[in-house]
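Just below is one structure, and these are the notes that go with it.
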Amino acid sequence: MASSLLATGSTALALPGPTPGRWAGTWQADPFGIAAVVLLGGLYGWGVLRARRNGHRWPAVRTAAFAVLGLGTVAVATMSSLAVYGRVLFWPAAVQNILLDLVAPLGLALGDPLALARLALPERGADRLGRVLRGRLLRVLTFPVIGTLLVLASELSVYFTPYFETALRDGAVHSLLYLQLLLSGCLFVLPVLSREDLLPAWCTHPLRALFVFVDGLVDAIPGILVMSSGTRIAAGWYAARQPGWGPGPDRDQVLGGGLMLAIAELVGLPFLIAVFVEWVRAERVRTAELDRRLDAEAALAAPAPAQEAVAPGRVPVPEATRPWWETDPGVVGERFRQGRGTL
């Protein structure tokens with residue numbers, strides 16, 4: 001029903017004012033949203049099944065993050081009441097775009113699809129994937145500073161060029177806009193949270209946390225510019241579709257920019273927490289590996305018990321079991337030996 005109400009500019013006026021019930025129950029079919037959920041969800045589900053058949057246990061929490069926070073956000077942004085009312089008001093469209101640009105990529109990255117692909121693919125396919133991920137172009141695009149600039153440029157191009165109004169008028173361009181926002185967000189988030197080596201070795205977890213903090217500051221820029229802009233965004237489109245309820249055009253744009261700013265800053269905290277969780281996990285893995293290596297080296301370096309002649313009536317004292325003060329070369333050991341009369 002929602003799609004028919006929005007078919008032309010005149011029928012857009014028939015769209016009723018939003019209520020809690022309408023916000024929850026108003027949905028529309030969107031080609032991009034359906035394709036993204038089916039394709040990404042199908043590939044991820046196939047990967048989980050393949051990984052289990054190959055003897056690997058895949059964490060359920062990662063699957064839930066990918067499905068609920070990742071694909072769920074894509075569905076809400078492209079097919080819920082935000083998509084419907086975003087045709088007559090700017091602020092729902094602004095929330096749509098920021099969800100695709102920041103929230104959905106975070107959910108997809110928490111699912112760690114690249115590590116899952118390596119476990120699910122056959123050896124040849126995993127090697128091919130590794131070569132692609134190590135490619136120079138992808139290395140440049142996924143470097144955090146470049147990713148932050150790409151996200152910023154993507155959002156500014158949407159709101160401060162005719163791009164957004166063209167997307168509202170043309171469904172194919174609108175799908176392209178959705179894809180652009182989702183990909184630009186993933187180019188920053190995926191490398192930072194992935195367990196695959198997409199970043200240089202020197203880009204440690206403390207540096208990643210710093211990049212995320214800086215990215216959170218940069219993500220605030222589009223919302224601030226939208227709020228303070230004296231030029232109305234997609235003015236021709238929204239002027240012809242004033243619904244007769246809701247905020248006026250100026251307040252509508254200020255509200256949209258404010259929500260963009262609020263969501264961008266709210267996403268920064270769980271993003272930082274996710275980086276710290278990965279940091280702790282990586283340290284545990286590194287510590288366990290170091291312990292195994294030290295145990296192996298100690299086992300190889302342990303001397304075999306030597307059979308040496310012992311004078312009659314004398315009990316040998318192995319060097320490894322002698323009291324510490326007898327072998328300590330320092331001042332404390334010397335004083336301890338003197339106190340015990342062993343010198």
Side-chain angles (χ1 to χ4, degrees), residues 1-3 5-6 15-45 61-111 113 151 154-155 158-159 164 167-168 171 173-186 188-190 193 219 222-223 226 243 246 252 255-271 274:
M1 181 182 71
S3 299
L5 288 175
L6 297 173
L15 187 64
T19 63
R22 291 192 182 115
W23 276 117
T26 303
W27 291 75
Q28 68 174 13
D30 180 79
F32 175 85
I34 294 173
V37 171
V38 172
L39 180 61
L40 295 179
L43 288 174
Y44 196 89
V61 65
R62 290 197 177 275
T63 303
F66 188 90
V68 177
L69 185 59
L71 298 182
T73 300
V74 172
V76 168
T78 59
M79 294 185 283
S80 74
S81 55
L82 291 173
V84 175
Y85 284 95
R87 308 284 292 182
V88 297
L89 291 175
F90 172 75
W91 74 260
V95 173
Q96 267 188 287
N97 296 340
I98 206 72
L99 289 179
L100 288 172
D101 208 18
L102 299 182
V103 181
L106 179 60
L108 297 177
L110 288 174
V151 171
S154 175
E155 292 191 9
V158 169
Y159 298 113
F164 182 51
L168 290 171
V173 179
H174 211 163
S175 294
L176 180 63
L177 170 63
Y178 287 157
L179 180 62
Q180 171 191 318
L181 293 171
L182 190 61
L183 284 180
S184 62
C186 286
F188 177 80
V189 180
L190 269 176
L193 293 181
D219 286 340
V226 168
D252 183 24
L255 180 59
L259 289 171
M260 290 171 59
L261 176 61
I263 295 173
E265 297 310 302
L266 287 175
V267 170
L269 180 59
F271 196 178

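Count residues from 1 along the sequence.
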For the pair L69 and V103, evaluate side chain to side chain contact (heavy atoms under 4.5 Å, CB included) and give the outcome as yes or no after the intermediate values. CA-CA 7 Å; L69 185 59; V103 181; 3.9 Å; yes
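Closest approach of A167 and H174 over heavy atoms only: O-CB, 3.3 Å. Taking all atoms of both residues into account, the shortest heavy-atom contact from M79 to I34 is SD-CG1, 3.7 Å. Scanning both residues, A83 and A77, for their nearest heavy atoms gives CB-O, 4.0 Å. Nearest approach of P113 to A109, heavy atoms of both residues: CD-O, 4.3 Å. Residues Q180 and S154 come closest through the heavy atom pair NE2-OG, 2.7 Å.
Note that the CG atom of L40 and the CG atom of L71 stand 6.0 Å from one another [nearest 0.5 Å]. Here the CZ atom belonging to F271 is positioned 9.5 Å from the CG atom belonging to L102, to the nearest 0.5 angstrom. Rounding to the nearest 0.5 Å gives a distance of 6.0 Å between CD of Q96 and CG of L82. Considering OG1 of T78 and CG of L182, their distance stands at 10.0 Å, rounded to 0.5 Å. Between the CG atom of L193 and the CG atom of L106 there is a distance of 6.5 Å, given to the nearest 0.5 Å. Summarising the geometry, atom OG1 belonging to T73 is positioned 6.5 Å from atom CG belonging to L99; distances are rounded to the nearest 0.5 Å.
The side chain to side chain donor-acceptor pair (under 3.5 Å) analysis of residues 97-110, with sequence neighbours excluded, yields the pairs N97-Y159, D101-S184.
For T63, the side chain to side chain contact (heavy atoms under 4.5 Å, CB included) partners two or more places apart in sequence, or in a different chain, are Y44, V48, W58. The side chain to side chain donor-acceptor pair (under 3.5 Å) check on D219 picks up nothing, with sequence neighbours excluded.
Counting only heavy atoms from C-beta outward, the side chains of I98 and E155 approach each other to under 4.5 Å. At a threshold of 4.5 Å between non-hydrogen side-chain atoms, the residues F66 and L108 count as touching. In this structure, P105 and L190 have side chains that are not in contact, with every pair of non-hydrogen atoms separated by 4.5 Å or more. Between V173 and F164 the shortest side-chain heavy-atom distance does not fall below 4.5 Å. Residues L89 and L255 have side chains not in contact (no heavy-atom distance under 4.5 Å, counting atoms from C-beta outward).
Between the side chain of T26 and the main chain of S81, no donor-acceptor pair closer than 3.5 Å is present.
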